[in-house]
S.K.: 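A single structure is presented below for examination.
Heavy-atom basis, side chains included; hydrogens, waters and symmetry copies ignored. Owing to the predicted nature of the structure, the values given are computational and were not obtained by experimental measurement.
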Amino acid sequence: MKLRLLIAEDEDTIREGIVNMIDWRSHQIEVVGEAGNGTEALALMEDHPPDLLLTDIRMPQMNGLELIEAAQRKGYGFRSIILSGYNEFSYAKQAISLGVVDYVLKPCRPEEILKTVLKAKNAIEAQRSQENVLFEKERSWHKNAPLVKSQVLSQWIHHPPVPLERREELIEELSMAIATEGPQIGLVSFDIEPLSARSKGQDFVLLRYAALNIIRETLGPIYKGRIETFHDGNHLLWIGSGLVAGDQRKVYRAPANLKDAIGKLQDNLEKYLKLSISIAVGSCRTHLSEAHLSYMEANQAMELRFLNGKGGVYFYTEGTAGQSGPCAEVVSILEDEGLNALEDEMLSAVTAGSYEVALDLLERWLDRFRSNPLCLKQEVNIRATALVVRLKRLTQEKQVAGFEWKQHLVNWMEQAPQVETLEELSAILNMVMQSVVEAFSNHRPLHRTVVTALEIIRQKYNTNLTLEYVAKEAYVSNTYLSSLFRQELGVNFLDYLHQYRVEEAKKLLRQNLKMYAVAKLVGYGEERHFSATFKKWTGLTPSQYQKGLEK
């Protein structure tokens, strides 16, 4: 660390000796100025503020102590060393009050001056090192404070206070804007996942930061500034304080100004960030220790989005709560005999190939959920998944060849529990039903030889599989097997094999694997051959298909 030294000494010989007889540079010290009195030294400081000042006490115009005092008033920060004679100890008290760190008695040797200056230099370096450590700690704290605050608030909304937990102290320590009275939780959910969220990159972090700022700025006036915003998983949240006080046994009604502000919030997020959101709000509770109850209410209110669609604003008790809580009076649809009867009729229609009847029954099945505003999303998903499982089992029992991999029945089963609205679920179930009915309409028992061939393809599609090999394994001739494929499946052996490989390739492309790796994993020796085949059966190159998954 290089330090700057300013020397103030009225005797030229002493001053020149100090400057020239000591190799300051070898000790990482730069002499930035020499002055014959305090006035000159003070002027030099304007262009060359020193880290160290070596000054005589008695000098014309302005003595050393006056120089130090004047420099300190101007805001200069440095360590001072006094050059002093024996009869000048009367200045000691004033020197101490000015923070003089050391002194050197005149006359003195250069070695003594160097030793004293280096001692001061070491003290400066130690102090700066300590200051850097403190600065880094403080900077790290300020950098991580939002994360710590978010983690603390997430803990509070998920769990009641533990014994000896002092939330008031944490509010003060983390400089939170909220109070302990009247906490209210708001939950913000993206209706459509932002593009940058799918990349999980820095862009999404910035987007989330901007959205939280907009929430705080838009709703801050409603809570008179007593609001904190944070994220928990994929949701954005706010906790506001003191909006409503009173008897919590009464039914909570959101104030009109809060409803208006939340409507403005939706507009702002759409206008500035192009985000479509749904919002759910819990009631104001009595104390911060009940924040988890308001959060639970907000989650229950958000359940209304499943039946009513996205883009809504839902308040607890407004269509969500009975006297004993939001779900106390809900009738379970898992034991609905009307749904059971409709499902049985649907499967009978599927088996008979009655397309219109099956879809009409499915619509009536969905209408039972639409007409029950208190049914639970989880139970609807369970019921829908169970229906898809029954359809899948039916296709297996009737040996509907090729259906499962061609129509992605397994993928649809995975999607059903994850949908956010009943309309999305309706679209998925309609696709499943339509595909199943079409498969049954074209179905007839397959020849045993074809069944054997299909099983060989499933097991060895990723090898250099040929018609000759499969025919040999099925104990028939190549010509017979090829003819049988056309007769039973309406497609020749090679086309069937390519289609099967393409469907398997789609699964691998969804995992962001490289093209050459996917080609080899599905049985193609050359990437070019794989790409041409993929485009033939999908209309897209593998790269185009993979990019489409990112949109």
S.K.: Quick check: closest heavy atoms across Ala453 and Val470, and the distance to 0.1 Å?
M.R.: CB-CG1, 3.7 Å
S.K.: Nearest 0.5 Å, what's the NZ-CD distance between Lys377 and Glu303?
M.R.: 6.5 Å
S.K.: If we ignore hydrogens and angles and just use 3.5 Å, is the side chain of Glu165 paired with the main-chain N or O of Val162 as donor and acceptor?
M.R.: yes
S.K.: Ile214 vs Leu265, test: side chain to side chain contact (heavy atoms under 4.5 Å, CB included). Steps then yes/no.
M.R.: CA-CA 7 Å; Ile214 290 175; Leu265 173 61; 4.0 Å; yes
S.K.: Report the distance from atom CD of Gln155 to atom CG of Leu170, rounding to the nearest 0.5 Å.
M.R.: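 The CD atom of Gln155 sits 10.5 Å away from the CG atom of Leu170.
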S.K.: Could you report the tightest heavy-atom contact between Thr533 and Val502, atom names first, then the distance?
M.R.: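 Result for this residue pair: O-CG2, 4.2 Å.
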S.K.: Give a yes-or-no answer on whether the side chains of Gln459 and Glu455 include a donor-acceptor pair shorter than 3.5 Å.
M.R.: yes
S.K.: To the nearest 0.5 Å, what is the distance between CZ (Phe315) and CG (Leu258)?
M.R.: 4.5 Å
S.K.: Does one side chain, of Glu297 or Ser283, offer a donor that lies under 3.5 Å from an acceptor on the other?
M.R.: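 Short answer, yes.
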S.K.: Taking the side chain as every heavy atom from C-beta outward, state whether Phe190 and Leu275 have any pair of such atoms under 4.5 Å apart.
M.R.: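 They are in side-chain contact.
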S.K.: Does Gln184 use its side chain to pair, donor to acceptor, with the backbone of Ser241 at less than 3.5 Å?
M.R.: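 No, because the side chain of Gln184 does not come within donor-acceptor range (under 3.5 Å) of the backbone of Ser241.
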S.K.: Is there a donor in the side chain of Trp156 and an acceptor in the side chain of Tyr295, or the other way round, less than 3.5 Å apart?
M.R.: no
S.K.: Can you see which heavy atom on Gly311 is nearest to which on Ser278, and at what distance?
M.R.: N-OG, 2.9 Å
S.K.: Does Arg528 CZ have over 12 foreign heavy atoms under 6.0 Å away?
M.R.: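 For Arg528, atom CZ is not crowded (no more than 12 foreign heavy atoms under 6.0 Å).
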S.K.: Yes or no on side chain to side chain contact (heavy atoms under 4.5 Å, CB included) for Phe534 and Val518, after CA distance, side-chain angles and deciding distance?
M.R.: CA-CA 11 Å; Phe534 192 93; Val518 175; over 6 Å; no
S.K.: Whether the side chain of Glu270 engages the backbone of Gln266 through a donor-acceptor N/O pair (distance < 3.5 Å, no angle test) should be reported.
M.R.: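 Absent.
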S.K.: Between His159 and His292, is there a side-chain heavy-atom distance shorter than 4.5 Å?
M.R.: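 They are not in side-chain contact.
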S.K.: Taking the side chain as every heavy atom from C-beta outward, state whether Leu387 and Trp365 have any atom pair closer than 4.5 Å.
M.R.: yes
S.K.: Given the rule in the side chain to side chain contact (heavy atoms under 4.5 Å, CB included) test, do Val281 and Leu187 qualify, once you have shown the distances and angles that lead to the verdict?
M.R.: CA-CA 6 Å; Val281 186; Leu187 180 63; over 6 Å; no
S.K.: At what distance, to the nearest 0.5 angstrom, does CD1 of Ile178 lie from CG of Leu288?
M.R.: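 Interatomic distance, Ile178 CD1 to Leu288 CG, rounded to 0.5 Å: 5.0 Å.
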S.K.: Let me confirm one number: the CE-CZ distance from Met302 to Arg305, rounded to the nearest 0.5 Å.
M.R.: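 Reported to 0.5 Å precision, the distance equals 5.5 Å.
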S.K.: Is it the case that the side chain of Ser154 and the backbone of Asp232 share a donor-acceptor pair, with hydrogens and angles ignored and the cut-off at 3.5 Å?
M.R.: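 Here the side-chain-to-backbone pair does not exist.
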S.K.: Just wondering, do Leu342 and Arg368 contact through their side chains at under 4.5 Å, heavy atoms?
M.R.: yes
S.K.: Taking the six-membered ring for Trp, are Tyr500 and Tyr496 parallel (under 30°), tilted (30 to 60°) or perpendicular (over 60°)?
M.R.: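 Aromatic pair Tyr500/Tyr496 classed parallel.
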S.K.: With a 4.5 Å limit on heavy-atom distance, are the side chains of Trp238 and Ile185 in contact?
M.R.: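 Of all side-chain heavy-atom pairs linking Ile185 with Trp238, none is under 4.5 Å.
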S.K.: Using 0.5 Å steps for rounding, measure from the NE2 atom of His235 to the CD1 atom of Ile277.
M.R.: 11.5 Å
S.K.: Indicate yes or no: does Asp367 engage Arg370 in a salt bridge with an N to O separation below 4.0 Å.
M.R.: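 Here Asp367 pairs with Arg370 in a salt bridge, since their nearest N and O are under 4.0 Å apart.
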S.K.: Can you find a pair of side-chain heavy atoms, one from Leu508 and one from Leu513, that are under 4.5 Å apart?
M.R.: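 Side-chain contact under 4.5 Å: yes.
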S.K.: Given Leu467 and Leu494, is the side chain to side chain contact (heavy atoms under 4.5 Å, CB included) satisfied, shown in steps?
M.R.: CA-CA 7 Å; Leu467 175 65; Leu494 191 57; over 6 Å; no
S.K.: Can you check whether Asn213 reaches Arg216 side chain to side chain, under 4.5 Å on heavy atoms?
M.R.: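 Side-chain contact under 4.5 Å: yes.
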S.K.: State, to 0.1 Å, how close Met515 and Pro542 come at their nearest heavy-atom pair, and which atoms those are.
M.R.: SD-CB, 3.4 Å
S.K.: Just by modelled atom types, is the Tyr480 backbone N or O under 3.5 Å from a matching donor or acceptor in the Ser483 side chain?
M.R.: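 Pair absent, no side-chain N/O of Ser483 close to backbone of Tyr480.
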S.K.: Do the rings of Phe530 and Tyr524 sit parallel, tilted or perpendicular, given the 30° and 60° boundaries?
M.R.: tilted
S.K.: Does the ring of Phe230 carry Lys149 above it, NZ/CZ under 6.0 angstrom from centre and within 45° of its axis?
M.R.: no
S.K.: For Glu503, is there an ion pair with Arg501 - N to carboxylate O distance below 4.0 angstrom?
M.R.: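 Looking at Arg501 and Glu503, the cut-off is not met.
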S.K.: Is it true that a side-chain atom of Ser482 and a backbone atom of Asn478 form a donor plus acceptor pair closer than 3.5 Å?
M.R.: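 No: the side chain of Ser482 does not pair with the backbone of Asn478.
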S.K.: Identify the two heavy atoms, one from Leu212 and one from Leu237, that lie closest to each other, and give their separation to 0.1 Å.
M.R.: CD2-O, 4.2 Å
S.K.: Would you say the side chains of Ser294 and Arg285 form a donor-acceptor pair under 3.5 Å?
M.R.: no
S.K.: Given side chains that start at C-beta, do those of Leu153 and Ile157 come closer than 4.5 Å, heavy atoms only?
M.R.: no
S.K.: Is Arg383 salt-bridged to Glu343, going by a charged N under 4.0 Å from an acidic O?
M.R.: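 Glu343 and Arg383: salt-bridged.
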S.K.: Specify the closest pair of heavy atoms between Leu339 and Ile333, including all atoms of both residues, with the distance to one decimal.
M.R.: CD1-O, 3.7 Å
